[in-house]
Amino acid sequence: MSGAARRAALLGLVLTVPALADTAPQQVTELAAGPGHDLTVGRCIVCHSLEYIPANAPAMNRGAWQKTIQKMREKFGAPITDAEAAQILDYLAAHYAGKP
Amino acid sequence: MLSRREVLLGGAAGWLGAAAPAFADAEPLTQLPGKRPLIQRAYRPPNFETPLSELAASYTPNDVFFVRYHLAVIPWVDTHSWRVTVGGDSATHPLRLSLHDLQHGFERVSLAAVNQCSGNRRGLFTPRVPGVQWQNGAMGNALWSGVRLRDVLRRAGIRPDAVEVVVQGADSAVLPSTPKFVKSLPLERALDDSTLIAFEMNGAPLPHWNGAPARLIVPGWTGTYWMKHLTDIQLVPKPFDGFWMKAAYRLPTGAFPGARFATQENADTTPITEILVNSLILAPLEGQRLPQGQKALLRGKAWDNGAGIAAVEVSSDAGQHWRPATLGRDLGRYAWRDFHLPLDTAQRGALTLAVRARSRNGAQQPQKLTFNPSGYHDNVVQTVSVEIV
């Protein structure tokens, strides 16, 4: 494991898992525990890995997450119901909203 | 003790909010098959950035060239059975071409060109904007070889009513409800003799992660038009209205210089087109300590939309005086240009260096960022702070 990966792992940022043979391990993001975690992971990971969420947190607040969830549903066709969207929004706003 | 949330947010902000060079060693590196370790911005769809330390070569090696995808289903295309269709309502003689047809049926052309993602440096934006949080390495320079798109379109017969050329590739979305990544070019840009269908990169077959077996090369325009794994090319008589033209890769109308894409422009927004004049400092690194009295060299790259770099200047007094750097070999007007300048290390103390490039068309890097919500076109003058010790 590289120094950077070790530091990140110590911080609880990433979990390294074996990827394809002869390649460096994939960096897998774990999202924060809390209500809505499983639903958020389950819906988002259909189309993309989870780094996008913590990586974008500094640019996001509740309003920005609402717009993003709406874009994923309406523009990208993500199968998320209204009730699920509300739970996902609460989860993301609670854990990944770094913008004032 | 920090909560998990604070650690997560602090970690993200620490990586992405600071100047790239000082934090370069803190980036998570991952190795895709056929690539050396790259900065993982996202694993799926794969978005991998070239580390700053790998951008020094005149031609960025294929195995460290950045990787950018929008959608997660990426087939390993079989070179022998691969075909590209060339047709559309404004083509008179639709074609279906194999790689052999391309390689043997048309004049072969090679050119050096920078491929820069539209969102390169988005992660350096203030205030922060959503999207892949690229720093400086969503770009590279390569020697691309292939055939002119113009020659292929002419073989397919261009009707006088053609206005755009619509291109798509073999990669696709997980869900059928997600818009396929499809882009269009103005007809005149498609017919420009620099626009290529490339099947080689730096003298080797195009790598899988960079668009094998053939991709579009649109020198001077940002990477969004450089369709990978090309499968379909259509001459069309009206503006293409897909998501990736109408709702993505757009700028406020009139906010930036560069070619206009008139058939896709409206009063509010317009497609991103040409790369803006820009430069990148590769050495010294942010925070580096340079021994007093010893030789030290400032070096980096400068590039633009193909007008060509006229000059690169360096200031060490917050922009009051500028000295010209020495330019390296000219690899072609669409390539980047090396520059270097010996640093004065006679006096101890802090030193902040600023670099600005000027294009032959008169354009110069600005001091201030023109904010836009998608985080494109960050070509502000970069600085690097060092200490002479």
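Letters A, B, ... mirror the listed sequences (proteins, then strands); counts begin at 1.
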Top residue by heavy-atom pair count (under 4.5 Å) with chain A, among B:Pro176, B:Ala173, B:Ala72, B:Pro179?
B:Pro179
Closest non-hydrogen contact found for B:Pro130 with A:Ala59 is N-CB, 3.6 Å
Are there over 12 heavy-atom neighbours, none belonging to A:Glu84, within less than 6.0 Å of that residue's CD?
yes
Just how far is it from atom CG of A:Asn56 to atom CZ of B:Arg128, taken to the nearest 0.5 Å?
8.0 Å
With a 4.5 Å limit on heavy-atom distance, are the side chains of B:Gln40 and A:Glu51 in contact?
yes
Please give me the minimum heavy-atom distance between A:Gly77 and B:Ser177, naming the atom from each residue.
O-OG, 3.0 Å
Taking atom NE2 of B:His70 and atom SG of A:Cys47, what is their separation to the nearest 0.5 Å?
14.5 Å
Applying side chain to side chain contact (heavy atoms under 4.5 Å, CB included) to B:Val174 and A:Phe76, what does each step give before you reach the verdict?
CA-CA 10 Å; B:Val174 175; A:Phe76 290 87; over 6 Å; no
Less than 4.5 Å apart, side chain to side chain, heavy atoms only: is that true for B:Pro45 and A:His48?
yes
Is it the side chain or the backbone of B:Pro127 that comes within 4.5 Å of chain A heavy atoms, both, or neither?
neither
Check: A:Tyr52 and B:Val132 side chains under 4.5 Å, non-hydrogen atoms
yes
Out of A:Met60, A:Lys71, A:Lys75, which one racks up the most heavy-atom pairs below 4.5 Å with chain B?
A:Lys75
To the nearest 0.5 Å, what is the distance between OG1 on B:Thr178 and CE on A:Met72?
9.5 Å
So, A:Ser49 side chain and B:Tyr43 main chain: donor-acceptor pair closer than 3.5 Å or not?
yes
